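Everything numeric here is computed off the predicted structure, so don't read it as measured data. Letters go in sequence order (proteins before strands), and every chain restarts at 1. FYI, side chains are in, hydrogens and waters are out, and symmetry mates aren't considered; it's all heavy atoms of this structure.
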Protein chains: 2
Amino acid sequence: MTDMSEDTKSIREMCDAFGVTPRTLRFYEAKELLFPHRDGQKRLFTKRDGARLKLILRGKRFGFSLEEIRQLLDLYHIGDQQITQLSRTFEIACDRLNDMVRQRDELNEAIEELQDQLKWGEKVIASMQSDQEAAE
Amino acid sequence: MTDMSEDTKSIREMCDAFGVTPRTLRFYEAKELLFPHRDGQKRLFTKRDGARLKLILRGKRFGFSLEEIRQLLDLYHIGDQQITQLSRTFEIACDRLNDMVRQRDELNEAIEELQDQLKWGEKVIASMQSDQEAAE
DNA sequence: CGTCCAGCTTACGTTAACGTCAAGATGCTG
DNA sequence: CAGCATCTTGACGTTAACGTAAGCTGGACG
């Protein structure tokens with residue numbers, strides 16, 4: 001047994017836990033989204049890294065870029081400092097929300113449009129099939 | 001007057017008509033999405049190119065990749081041939097529609113989630129601001 | 001005739017978020 | 001000790017859909 005669970009995870013455990021690749025975790029570290037400790041040269045991911053990663057993945061679902069996520073994460077961290085920065089975060093999030101709403105609305109339009117097209121297409125195919133049958 | 005409108009458009013007219021850049025049109029030609037004629041070395045875009053471009057742009061709104069769009073366009077063109085191919089097109093479009101619906105639903109979830117977070121954030125900011133005031 | 005404008009081709013640049021080697025360190029195990 | 005797995009750091013590759021710049025051409029205008 002890898003002894004494990006002294007509250008820190010190896011990179012592999014981390015990957016398995018969150019369904020990402022090692023490359024991704026190193027990448028996130030390089031981008032200063034995660035700050036794993038070290039044992040020698042090996043990374044040790046703490047609970048805090050886990051929490052951050054969870055937020056990162058959620059952020060991605062929201063459609064934030066990693067850079068935006070980094071900023072948001074940084075602002076989580078300050079806690080006591082600059083209110084201005086925090087409300088800036090807030091703005092970013094609001095913007096993103098608006099983007100998402102817009103995007104959704106566009107999607108809804110597109111969906112309807114495409115559904116119409118498909119009805120059309122159904123008819124065409126149907127008629128072509130009867131043509132085919134008629135031709136036999 | 002550039003005489004124009006002998007049913008063909010120059011690249012610029014085309015761009016103005018559809019709100020794209022020349023680069024884009026050349027790119028689409030390179031990708032075999034459009035087939036403008038030539039007058040010497042200058043491109044002449046026909047009505048057919050216009051129709052195709054309209055479909056291309058719509059396809060993009062739907063979230064199709066240019067490659068997918070090319071395939072769909074090719075299948076429009078056959079007209080008389082293979083029904084199988086046509087229904088294949090149909091399937092692709094259906095798949096895309098399902099993708100879009102899924103995507104929209106995810107977006108809706110994300111939007112709600114983010115809205116919740118924002119309520120949270122509002123409170124935090126409000127309380128911090130009163131802290132700030134209290135500190136002065 | 002000069003010059004200006006629109007268009008052409010070729011080709012390298014861009015961005016995001018990793019993937020994919022390569023080469024070396026470390027550690028366990030039989 | 002050999003071997004193997006797992007980790008590390010670098011560094012270059014990938015994809016999509018164009019952007020951008022350089023250098024050439026051909027016609028129109030004054």
Checklist entry - At what distance, to the nearest 0.5 angstrom, does NZ of A:K42 lie from CD1 of A:I11? => result 11.5 Å
Checklist outcome for this item: First and last nt of DNA chain D near chain B, cut-off under 4.0 Å to heavy atoms, 5' to 3', are D:dA17 to D:dT20
Next on the checklist: Please determine whether side-chain contact (heavy atoms from CB on, under 4.5 Å) holds for the pair A:I56 and A:R70, giving the CA-CA distance in whole Å, both sets of side-chain angles, and the decisive distance to 0.1 Å.
Outcome noted: CA-CA 8 Å; A:I56 294 170; A:R70 194 186 57 73; over 6 Å; no
Could you pull out the protein-nucleic contacts involving nucleotides 5-8 of chain C (nitrogen or oxygen on both sides, under 3.5 Å)?
residue : atom : partner : partner atom : Å
C:dG7   : OP1  : B:R12   : N            : 3.4
C:dC8   : OP1  : B:R43   : N            : 2.8
C:dC8   : OP1  : B:R43   : NH1          : 3.1
C:dC8   : OP2  : B:R26   : NE           : 3.2
C:dC8   : OP2  : B:R26   : NH2          : 3.1
C:dC8   : O5'  : B:R43   : NH1          : 3.2

Next on the checklist: Using the rule given for side-chain contact (heavy atoms from CB on, under 4.5 Å), can you reason through A:K9 versus A:D16, listing the C-alpha separation, both sets of side-chain angles and the distance that settles it, and then say yes or no?
Outcome noted: CA-CA 10 Å; A:K9 294 180 182 178; A:D16 293 347; over 6 Å; no
Donor-acceptor pairs under 3.5 angstrom involving side-chain atoms of residues 31-41 of chain B: please list them, not counting sequence neighbours.
residue : atom : partner : partner atom : Å
B:R38   : NH1  : B:Q41   : O            : 3.1
B:R38   : NH2  : B:E29   : OE2          : 3.1

Item to check | A:T46 backbone acceptor or donor facing A:D49 side chain under 3.5 Å | outcome: yes
Checklist entry - If you round to the nearest 0.5 Å, how far is CZ of A:R43 from CZ of A:R12? => result 13.0 Å
Item to check | Set of side chain to side chain contact (heavy atoms under 4.5 Å, CB included) partners for A:R23, sequence neighbours left out | outcome: A:T21, A:F27
Checklist outcome for this item: Tightest non-hydrogen contact, residues B:C15 and B:P22, listed as SG-N, 3.3 Å
Next on the checklist: Hydrophobic clusters here meaning ILVMFWY residues chained together by side-chain heavy-atom distances under 4.5 Å, can you tell me if B:M14 and B:L44 are in one?
Outcome noted: no
Next on the checklist: I'd like to check the side chain to side chain contact (heavy atoms under 4.5 Å, CB included) partners of B:R61; sequence neighbours left out, ordered by chain and number.
Outcome noted: A:E113, B:R58
Item to check | Neighbours of DNA chain C within residues 27-37 of chain B, by heavy-atom distance under 4.0 Å | outcome: none
